[in-house]
A.B. asks: 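Before we start, here is the structure in question, set down as structure tokens.
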Amino acid sequence: MSDNIIIIDYNSGNIKSLLNLLSFLQVEAKLSNKKEDILNAKKLLFPGQGHFKQAMDNLKKAGLIDTIKTAIDNKVDFLGICLGLQILFEKSEEAPNVEGLGILKGEVKKFREGKIPQIGWNKVNVIKNDSNLTNDYYYFVNSYYVAPEDKSIIATTTNYGVEFCSSIKKDNLQAVQFHPEKSAQAGIEFFKKWLEL
């Protein structure tokens, strides 16, 4: 599977723990911002951490916005993590004047209740059976959550003052608000299924 799994390098994101997990699973992955690598990948990972504006600025500078959209259109398996979920949408309250990738319709909203950011384990409730996720606890670090227009893409929900969409699944596109690479056995099992191990 070497070089067929590409982690999109946009000068941000939680790369280290993701690489550690893939190494634990004995899976080779390549960190790249080259268009040809992304377009020829079997699977794409977009690791998340950071600010909505910074991520979009970095993608724009690297010329990767259209490349990522093309890869998803070409049915490459895509997994977005945390911020990697949020940038798939049109806009975010974190950066009101910045456009997201707009692959999915909807916006990113800020939590209004509870301690912000949400940090720690929270329960994920499965809505779609093809999500490779289980009704289990996963590790979250987030101040924002996605509000999809199309409710049919919601794969799981989680409660944190509000019942929010904690992951989406649509065809070859999957993205999660939590960090499966930090979610112990539940996260490992999710990655195994996504990687088809």
Side-chain angles (χ1 to χ4, degrees), residues 1-92 94-108 132 139 141-144 146 167-183 187-188 190-192 194-197:
M1 262 196 197
S2 178
D3 287 4
N4 281 329
I5 299 172
I6 299 295
I7 300 171
I8 297 171
D9 182 6
Y10 64 109
N11 288 322
S12 190
N14 187 24
I15 307 292
K16 190 175 178 185
S17 56
L18 186 57
L19 287 171
N20 287 343
L21 178 63
L22 292 171
S23 174
F24 171 76
L25 294 173
Q26 298 182 314
V27 169
E28 289 185 45
K30 180 179 176 182
L31 184 64
S32 178
N33 61 4
K34 292 181 180 173
K35 295 178 183 180
E36 59 269 27
D37 286 342
I38 291 168
L39 293 173
N40 292 322
K42 181 184 175 189
K43 290 181 179 287
L44 283 175
L45 272 163
F46 194 106
Q49 204 166 297
H51 194 279
F52 192 91
K53 182 181 187 305
Q54 182 189 28
M56 291 308 302
D57 284 350
N58 288 354
L59 288 175
K60 199 176 285 183
K61 278 180 202 165
L64 292 181
I65 290 175
D66 287 340
T67 305
I68 292 170
K69 288 180 177 180
T70 299
I72 291 170
D73 284 344
N74 290 343
K75 303 300 180 191
V76 175
D77 280 342
F78 177 98
L79 176 61
I81 297 171
C82 194
L83 187 60
L85 164 65
Q86 296 175 9
I87 63 152
L88 295 172
F89 288 82
E90 296 166 299
K91 58 184 178 178
S92 172
E94 186 174 25
N97 299 317
V98 176
E99 286 184 15
L101 292 176
I103 292 166
L104 300 171
K105 289 192 177 298
E107 64 179 317
V108 183
N132 293 333
Y139 192 80
V141 182
N142 65 308
S143 301
Y144 298 83
V146 299
S167 72
I168 62 94
K169 177 85 166 64
K170 184 184 180 185
D171 303 322
N172 56 305
L173 185 63
Q174 185 160 15
V176 298
Q177 183 58 67
F178 48 86
H179 288 271
E181 76 278 11
K182 295 181 178 179
S183 295
I188 290 169
F190 166 71
F191 266 114
K192 279 184 178 177
W194 186 75
L195 293 164
E196 298 163 355
L197 295 179

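These numbers were taken from a predicted model, which means no experiment stands behind them.
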A.B. asks: Whether the side chain of Lys35 engages the backbone of Asp66 through a donor-acceptor N/O pair (distance < 3.5 Å, no angle test) should be reported.
C.D. replies: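 The answer is no, because no donor-acceptor pair under 3.5 Å joins these two groups.
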A.B. asks: Are side-chain heavy atoms of Phe89 and Leu101 found at a separation under 4.5 Å?
C.D. replies: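 The answer is no, as the side chains (C-beta and beyond) never meet within the 4.5 Å cut-off.
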A.B. asks: For a quick test of reading the model, state the closest non-hydrogen atom pair linking Gln174 to Asn132 and the distance between them.
C.D. replies: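 Closest pair (atom of Gln174, atom of Asn132, distance): OE1-ND2, 4.4 Å.
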A.B. asks: Are Ile7 and Leu19 packed together at the side-chain level, in the sense that at least one heavy-atom pair is separated by less than 4.5 angstrom?
C.D. replies: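 The answer is yes; the side chains approach within 4.5 Å.
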A.B. asks: How about CD on Glu36, more than 12 heavy atoms from neighbouring residues, nucleotides or ligands closer than 6.0 Å, or not?
C.D. replies: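 Correct, the count exceeds 12.
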A.B. asks: The criterion is side chain to side chain contact (heavy atoms under 4.5 Å, CB included); which residues satisfy it with Glu99, sequence neighbours excluded?
C.D. replies: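 If we apply the side chain to side chain contact (heavy atoms under 4.5 Å, CB included) test to Glu99, skipping adjacent residues, there are no hits.
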A.B. asks: Less than 4.5 Å apart, any side-chain heavy atom of Ile8 and any of Leu45?
C.D. replies: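 A side-chain contact under 4.5 Å is absent here.
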A.B. asks: Please name the pair of heavy atoms, one in Gly84 and one in Ala175, separated by the smallest distance, quoted to 0.1 Å.
C.D. replies: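 Minimum heavy-atom separation between Gly84 and Ala175: O-CB, 4.4 Å.
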A.B. asks: Does Asp57 form a salt bridge (Lys or Arg N to Asp or Glu O under 4.0 Å) with Lys53? I'd like the steps, not just the answer.
C.D. replies: CA-CA 6 Å; Asp57 284 350; Lys53 182 181 187 305; 2.7 Å; yes
A.B. asks: Would you find a donor on one side and an acceptor on the other, under 3.5 Å apart, between the side chain of Asn142 and the backbone of Tyr144?
C.D. replies: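 Judged by distance alone, yes, a pair lies under 3.5 Å.
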A.B. asks: Just so I know, are the side chains of Lys30 and Ile5 near enough to count as touching, which here means a heavy-atom distance under 4.5 Å?
C.D. replies: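 Not in contact.
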A.B. asks: Sub-3.5 Å donor-acceptor pair from the side chain of Tyr10 to the main-chain atoms of Pro47, do we have one?
C.D. replies: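 Side chain of Tyr10 to backbone of Pro47: a pair is present.
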A.B. asks: Hey, could you give me the CD1/NZ distance between Ile72 and Lys170, rounded to the nearest 0.5 Å?
C.D. replies: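 Rounded to the nearest 0.5 Å, the CD1-NZ separation comes out at 10.5 Å.
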A.B. asks: Between Trp194 and Val176, is any pair of side-chain heavy atoms under 4.5 Å apart?
C.D. replies: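 A side-chain contact is absent here, since even the closest heavy-atom pair is not under 4.5 Å.
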A.B. asks: Using the side-chain contact (heavy atoms from CB on, under 4.5 Å) rule, take Leu79 and Phe191 through it: C-alpha gap first, then chi angles, then the decisive distance, then the call.
C.D. replies: CA-CA 10 Å; Leu79 176 61; Phe191 266 114; 3.8 Å; yes
A.B. asks: Contact between Cys82 and His179 at the side-chain level, heavy atoms closer than 4.5 Å - yes or no?
C.D. replies: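 Answer yes - side chains close enough.
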A.B. asks: Taking Asp9 for its side chain and Asn11 for its backbone only, find out whether a donor-acceptor pair lies under 3.5 Å.
C.D. replies: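 A pair under 3.5 Å: yes.
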A.B. asks: Nearest 0.5 Å, please: how far is CD1 in Ile81 from NZ in Lys182?
C.D. replies: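 Those atoms lie 10.5 Å apart.
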A.B. asks: Can you tell me if Lys60 has over 12 outside heavy atoms packed within less than 6.0 Å of its NZ?
C.D. replies: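 It does not: Lys60 NZ has 12 such atoms or fewer within range.
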A.B. asks: Counting C-beta onward and ignoring hydrogens, is there a side-chain heavy-atom pair between Ile188 and Leu21 closer than 4.5 Å?
C.D. replies: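 Yes, at least one pair of side-chain atoms sits under 4.5 Å.
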A.B. asks: Give, for atom CE of Met56 and atom NZ of Lys61, the distance between the pair rounded to the nearest 0.5 Å.
C.D. replies: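 So the CE of Met56 and the NZ of Lys61 are separated by 12.5 Å.
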A.B. asks: Taking atom OG1 of Thr70 and atom CD1 of Ile65, what is their separation to the nearest 0.5 Å?
C.D. replies: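 It is 11.5 Å, given to the nearest 0.5 Å.
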A.B. asks: Would you indicate whether the side-chain heavy atoms of Val108 and Glu94 approach each other to under 4.5 Å?
C.D. replies: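 Result no, sub-4.5 Å side-chain heavy-atom pair not found.
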A.B. asks: Could you tell me the separation between the CG atom of Asp37 and the OG1 atom of Thr67, rounded to the nearest 0.5 Å?
C.D. replies: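 Here the interatomic distance stands at 11.0 Å.
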A.B. asks: Tell me, with the steps shown, if Asn74 and Asn172 meet side-chain contact (heavy atoms from CB on, under 4.5 Å).
C.D. replies: CA-CA 9 Å; Asn74 290 343; Asn172 56 305; over 6 Å; no
A.B. asks: Can you give me the closest heavy-atom contact between Gly106 and Glu90, atom names plus distance?
C.D. replies: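 Nearest heavy atoms, Gly106 then Glu90: N-OE1, 2.8 Å.
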A.B. asks: Measure the spacing between NZ of Lys91 and CZ of Phe52 and express it to the nearest 0.5 Å.
C.D. replies: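 Rounded to the nearest 0.5 Å, the NZ-CZ separation comes out at 10.5 Å.
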A.B. asks: Once you measure the plane-to-plane angle for Phe178 and Phe190, does it fall in the parallel (<30°), tilted (30-60°) or perpendicular (>60°) bin?
C.D. replies: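 Because their plane-to-plane angle is over 60°, the rings of Phe178 and Phe190 count as perpendicular.
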A.B. asks: Check Asp77 with Lys42, please: is the shortest side-chain N to carboxylate O separation under 4.0 Å?
C.D. replies: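 Salt bridge flag = no for Asp77 with Lys42.
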